[in-house]
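Protein chains get the first letters and strands the later ones, always in sequence-line order, with residue 1 at the start of each. A quick note: this is a predicted structure, and the numbers were derived from the prediction, not measured.
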Protein chains: 2
Amino acid sequence: MFTRALLAVKSTALVCVILLSMTERTTGSIRARVRAEMLDEIKAAARKQLATDGASLSLRAVARDMGMASSAIYRYFPSRDDLLTALIIEAYDSLADAAEDSEAEVDRADLVGRWLAVAHGLRNWALDRPHEYALIYGSPVPGYAAPEDTIEPSTRPVLLIGTILTDAKTAGRLEEESLPTRTPAPLVMEIREAARVVNAAVGEAEMARALIAWTELFGAISFEIFGRLNNVIDQRFAWFDHQMRAMAGFVGLR
Amino acid sequence: MFTRALLAVKSTALVCVILLSMTERTTGSIRARVRAEMLDEIKAAARKQLATDGASLSLRAVARDMGMASSAIYRYFPSRDDLLTALIIEAYDSLADAAEDSEAEVDRADLVGRWLAVAHGLRNWALDRPHEYALIYGSPVPGYAAPEDTIEPSTRPVLLIGTILTDAKTAGRLEEESLPTRTPAPLVMEIREAARVVNAAVGEAEMARALIAWTELFGAISFEIFGRLNNVIDQRFAWFDHQMRAMAGFVGLR
DNA sequence: ACGAAACGAGAGCAGTGCTCTCTAATCGCA
DNA sequence: TGCGATTAGAGAGCACTGCTCTCGTTTCGT
């Protein structure tokens, strides 16, 4: 909003702008700074529209909301999909932040508590912004193909269980077990690789159980957010908490 | 297609139509029959379009595909959402059929096998028609609110585990256990009610475990269909099978 | 055989993503 | 300081969407 008003009174504000550019030389030209602010402003407006009108994101509505022509948006985002991509990346980061913040508040030695904190952190974030959750963990947006840029941010949330697993293992708080012998060797290799990626210093059996718990976790959130619990479970918090404690036991956390 | 050609040569086919209506008096007037066929034809065209172009379903494209004006579609479906609703209901039924057929092929006494058959039946259906899966188990379609009509069909798939649980219980093939005492009473009541609805003659602890397995099952399918396994797990079948065997153990099936 | 109901086509409305052109503001650099 | 190059924004326009309304035609029940 500030940048918009600024642009509207261009000539009179020019001196002020020059002063600003002098005191903040590190941020580059004012054009670059205004551009960065515009990018944020557009994303914020889009996020707002996402929250109110649901998953149907209209570029024109965003432009209208900002009081500018729809064509001007294309100076900042080459297409609607690129705006979506930016929102998706931000959503992953925001989700990971929420989970990390929630987990950080728990005593390091309380491994079940840390798992529960991650789970509830993820769920609370999803409840707060269901449409953003749908954007990243729901069905892909109709004509939208997730580009490369979204792959890396999407891995952030799952990294958390890596450290929990490692800490549990080193503290001797993780029950050990071996995978059934019928588990195909290629799959075992992939599970080991997954453990390596999330920095989990555990065996394939423990990692497999953690991945299953992770799957159940997002299954539970999706069921709740997408309305699959309607008319079945009203005790949403209690049910989710029960599931997560059960999965902690399944993983072998003590 | 047959009905379209029939309508195109109306006058000459009139006698034929009368004859048909006489031999098939039980099905009602020919108009009613043609209408039913049209409904099916539109749904089929829509399903085809869903499979090729993804979740963005265009009424006009469906009409174009059928060689008729877009406005004519509104004689059969009052709105695009109503078409979607019809497709959703059919998808639930089709999915439930697939799971039932898959489960029916397994020896009644093999309870783990029956659970695995249901799971693989659901997964195979989802892999065959990912967009229809997304329609019913993904994020809700943008401007679409699922009407009452979809509630009942959506319960069909889950009914299957009810019979498996009951059979396992009566055969003494289901490990018993009690819920942790901290489980809130209202939640216990809801779980018992859920067991009643799916005809599962088991206690709340067994039902809770089954619901968790059910959640993991759909979490696993969603992860696979929505691309969350990309670059992580390539051994899709083996991984799913492993998960489902693990969940069978978690539920206590023997 | 006739009035009522249903059907299909076409035009039209408001909305969408996106492109192109044109003007004005701002930039880097001499 | 001024000038050519770059960038921002507006507006018109294209093809598309869901949906409504009207207008003939066809089929229905009686």
Does the protein touch nucleotides 11-20 of chain C at the base, only the backbone, or not at all? Give it as B, S and - per nucleotide, heavy atoms under 4.0 Å.
-B---BBBB-

Expressed in angstrom and rounded to an integer, what is the separation of A:I73 atom CD1 from D:dG11 atom C1'?
15 Å

For B:F77 and C:dC7, give me the distance from atom CZ to atom P, rounded to whole Å.
12 Å

Quickly work out the B:R35 CZ to D:dT26 C1' distance and round it to whole Å.
15 Å

I'd like to check A:Q49 versus A:D65 (side-chain heavy atoms, cut-off strictly below 4.5 Å). Are they in contact?
no

Those residues that, when tested against B:R64, pass side chain to side chain contact (heavy atoms under 4.5 Å, CB included) (two or more places apart):
B:R60, B:A61

May I ask you to verify if any side-chain N or O of B:Y76 is less than 4.0 angstrom from the OP1 or OP2 atom of C:dA6?
no

Base-pair string, DNA chain D, Watson-Crick plus G-U, cut-off 3.5 Å on both distances, | for inter-strand, is ||||||||||||||||||||||||||||||

Would you indicate which nucleotide in D:dG9, D:dT7, C:dA9 comes nearest to any side-chain atom of A:A72?
D:dG9

A:R33 has an atom CZ; how far is it from atom C1' of C:dC27, in whole Å?
15 Å

Do you see a donor-acceptor pair shorter than 3.5 Å between the side chains of A:S79 and A:D82?
yes

Does a donor on one side chain sit under 3.5 Å from an acceptor on the other, for B:D241 and B:H120?
yes

Residues A:I233, B:L187; criterion side chain to side chain contact (heavy atoms under 4.5 Å, CB included); working and verdict
CA-CA 8 Å; A:I233 304 283; B:L187 176 59; 4.3 Å; yes

Residue pairs passing the side chain to side chain donor-acceptor pair (under 3.5 Å) test with at least one member in residues 219-232 of chain B, sequence neighbours excluded, are A:Y92-B:R228, B:R123-B:E224, B:Y133-B:S222, B:N230-B:R236

Find the distance A:R75:CZ to C:dA24:P and express it as a whole number of Å.
15 Å

Considering residues at least two apart in sequence or located in another chain, which fulfil the side chain to side chain contact (heavy atoms under 4.5 Å, CB included) criterion with B:D93?
B:I89, B:R156

How long is the line joining CG of B:D82 and P of D:dC19, in whole Å?
8 Å

Answer yes if the ring centres of A:F218 and A:Y137 are under 6.0 angstrom apart, and no otherwise.
yes

Send over the distance from B:L83 CG to D:dT17 P, rounded to a whole Å.
14 Å

Separation of atom CD in B:E37 from atom P in D:dT27, rounded to whole Å:
15 Å

Would you please name every residue forming a salt bridge (charged side-chain N to carboxylate O under 4.0 Å, His left out) with B:E216, sequence neighbours left out?
none

